[in-house]
Amino acid sequence: MSAAEAGGIFRRARGRTLDAFPSEKEREWKGPFYFIQGADPQFGLMKAWSTGDSDSGGDEWGQEIRLTEQAVEAINKLKPKPRFFVLCGDLIHAMPGVTAVFSGHYHRNAGGIYQNLDMVVSSAIGCQLGEDTHGLRVVVVTAEKIVHRYYSLDELSEKGIDDDLMGLMEEK
């Protein structure tokens, strides 16, 4: 798409509203904005590539964690702030100590367990392809376990997070 074509799209968008934003302030076009897209932090890949063992050599994430922290720090310093940040691509390459992987894109809730790895697929905020409602997954991580629950958007905004999940976060 050329710059002229993109400019035409933005001009046609002026004056239109978008119901996807919950805030009244965000509903109307206010002019140009920017967002940040990051891709492929792929924790574990740098060691795997350096050792030549891409099947099992990615048991260290130190370099990728430092780079990801550097990216977040750089984004946080930007003025004006981006409207949002989206992270795409491969999030992990190897899983030292990982017991659960969370993903989306299937537009319905799904998942399973393989070799003690819990694969959790959360349904969409937007278009549903199954019977699930528009929603979000709340994930509580403690030293002992990971507990997660999917909430419809209405349920989450009306009653919040269940007491049993909140109780898991209390310091003992």
Side-chain angles (χ1 to χ4, degrees), residues 1-3 6 20-21 32-153 156 161-162 164-172:
M1 175 183 304
S2 71
F21 292 109
F33 65 92
Y34 78 99
F35 67 92
I36 303 291
Q37 186 242 344
D40 297 308
Q42 207 151 351
F43 294 156
L45 182 61
M46 292 177 85
K47 181 183 179 195
W49 276 77
S50 71
T51 64
D53 184 4
S54 56
D55 290 331
S56 60
D59 60 346
E60 294 177 13
W61 294 7
Q63 290 177 284
E64 293 92 337
I65 289 173
R66 283 190 296 282
L67 290 166
T68 302
E69 288 172 343
Q70 182 181 355
V72 170
E73 288 170 9
I75 292 166
N76 284 338
K77 288 179 182 177
L78 295 172
K79 302 269 189 269
K81 297 282 185 216
R83 184 67 56 91
F84 59 90
F85 173 69
V86 61
L87 184 60
C88 306
D90 298 315
L91 302 181
I92 60 171
H93 178 74
M95 300 172 284
V98 172
T99 60
V101 175
F102 294 85
S103 71
H105 201 61
Y106 188 51
H107 292 260
R108 56 180 61 101
N109 287 309
I113 296 175
Y114 177 73
Q115 295 183 349
N116 297 320
L117 178 67
D118 191 9
M119 181 68 217
V120 181
V121 181
S122 295
S123 194
I125 293 171
C127 181
Q128 297 297 315
L129 299 180
E131 299 297 317
D132 299 305
T133 60
H134 306 276
L136 301 165
R137 183 170 304 279
V138 174
V139 182
V140 176
V141 180
T142 71
E144 296 80 31
K145 59 186 171 180
I146 297 174
V147 180
H148 55 88
R149 189 164 301 142
Y150 187 82
Y151 291 89
S152 73
L153 296 178
L156 194 58
I161 299 170
D162 290 331
D164 64 327
L165 290 182
M166 293 302 291
L168 289 172
M169 293 186 293
E170 292 176 6
E171 289 190 42
K172 297 180 180 178

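Computed from a predicted structure; not experimentally measured. We number each residue from 1, following the sequence as shown.
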Enquirer: Looking only at non-hydrogen atoms, find the nearest pair between N109 and S122 and report the distance.
Expert: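 Taking N109 first and S122 second, the nearest heavy atoms are OD1-CA, 3.5 Å.
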Enquirer: Does F85 have more than 12 heavy atoms from other residues, nucleotides or ligands lying within 6.0 Å of its CZ?
Expert: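 More than 12 within 6.0 Å, yes.
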Enquirer: Taking side chain to side chain donor-acceptor pair (under 3.5 Å) as the cut-off, I'd like each qualifying pair that reaches into residues 68-79, sequence neighbours left out, listed once.
Expert: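 For residues 68-79: none.
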Enquirer: With D164, which residues qualify under side chain to side chain donor-acceptor pair (under 3.5 Å), at least two apart?
Expert: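 With neighbours one apart ignored, the set is R149.
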Enquirer: Of all heavy-atom pairs between S123 and T133, which one has the smallest distance, and what is that distance?
Expert: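 Looks like OG-O, 4.5 Å.
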Enquirer: With sequence neighbours excluded, what pairs up with R137 under the salt bridge (charged side-chain N to carboxylate O under 4.0 Å, His left out) test?
Expert: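 If we apply the salt bridge (charged side-chain N to carboxylate O under 4.0 Å, His left out) test to R137, skipping adjacent residues, there are no hits.
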Enquirer: What I'd like to find out is whether the side chain of L129 reaches to under 4.5 Å of the side chain of Y106, using heavy atoms alone.
Expert: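 SC-SC contact between L129 and Y106 ruled out.
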Enquirer: Listed by chain and number, what are the side chain to side chain contact (heavy atoms under 4.5 Å, CB included) partners of L136, not counting sequence neighbours?
Expert: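 L136 satisfies side chain to side chain contact (heavy atoms under 4.5 Å, CB included) with I125, L153, L156 once adjacent residues are dropped.
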Enquirer: How many angstroms lie between atom CD1 of I161 and atom CE of M169, to the nearest 0.5 angstrom?
Expert: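 CE of M169 is found 5.5 Å from CD1 of I161.
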Enquirer: What pairs with F102 under ring pair (Phe, Tyr, Trp, His ring centres under 6.0 Å), at least two apart in sequence or on another chain?
Expert: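 Applying ring pair (Phe, Tyr, Trp, His ring centres under 6.0 Å) to F102 gives H148.
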Enquirer: Around atom CE of M166, are there more than 12 heavy atoms from other residues, nucleotides or ligands closer than 6.0 Å?
Expert: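 No.
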Enquirer: Closer than 3.5 angstrom, by distance alone: can the side chain of Y151 be matched with the main-chain N or O of V138 as a donor-acceptor pair?
Expert: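 Answer holds: no.
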Enquirer: How would you list, by chain and number, every residue that makes a side chain to side chain donor-acceptor pair (under 3.5 Å) with Q63, sequence neighbours excluded?
Expert: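 Testing Q63 for side chain to side chain donor-acceptor pair (under 3.5 Å), a comparison that skips the adjacent residues, returns none.
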Enquirer: Please, which pairs that meet ring-ring contact (aromatic ring centres under 6.0 Å, His included) have at least one residue in residues 114-146, sequence neighbours excluded?
Expert: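 Matches after skipping sequence neighbours: none remain.
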Enquirer: So, using side chain to side chain contact (heavy atoms under 4.5 Å, CB included) as the criterion, who are the partners of T142 when residues are at least two apart?
Expert: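 Scan of T142 (side chain to side chain contact (heavy atoms under 4.5 Å, CB included), adjacent residues dropped) gives V140, E144, K145, L168.
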Enquirer: Among residues at least two apart in sequence or on other chains, which ones pass side chain to side chain contact (heavy atoms under 4.5 Å, CB included) with A39?
Expert: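 Counting only residues at least two positions away or on another chain, A39 forms a side chain to side chain contact (heavy atoms under 4.5 Å, CB included) with Q37.
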Enquirer: Quick one: closest heavy-atom pair of E64 and M46, and the distance?
Expert: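 Looks like OE2-N, 2.8 Å.
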Enquirer: With sequence neighbours excluded, what pairs up with Y34 under the ring pair (Phe, Tyr, Trp, His ring centres under 6.0 Å) test?
Expert: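 None.
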Enquirer: Residues two or more places apart in sequence or in another chain: which of them pass salt bridge (charged side-chain N to carboxylate O under 4.0 Å, His left out) with D40?
Expert: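 Expected list: none.
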Enquirer: The criterion is side chain to side chain contact (heavy atoms under 4.5 Å, CB included); which residues satisfy it with T99, sequence neighbours excluded?
Expert: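 Only I146 meet the side chain to side chain contact (heavy atoms under 4.5 Å, CB included) criterion with T99.
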Enquirer: Do V120 and V139 touch side chain to side chain, with heavy atoms closer than 4.5 Å?
Expert: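 Counting from C-beta outward, V120 and V139 never come under 4.5 Å.
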Enquirer: Write down the atom of F84, the atom of F35, and the distance for their closest heavy-atom approach.
Expert: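 Taking F84 first and F35 second, the nearest heavy atoms are O-CB, 3.2 Å.
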Enquirer: Restricting to non-hydrogen atoms, name the atom on L87 and the atom on P41 that form the minimum distance, rounded to 0.1 Å.
Expert: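 Nearest pair, atom of L87 first, then P41: CD1-CD, 3.9 Å.
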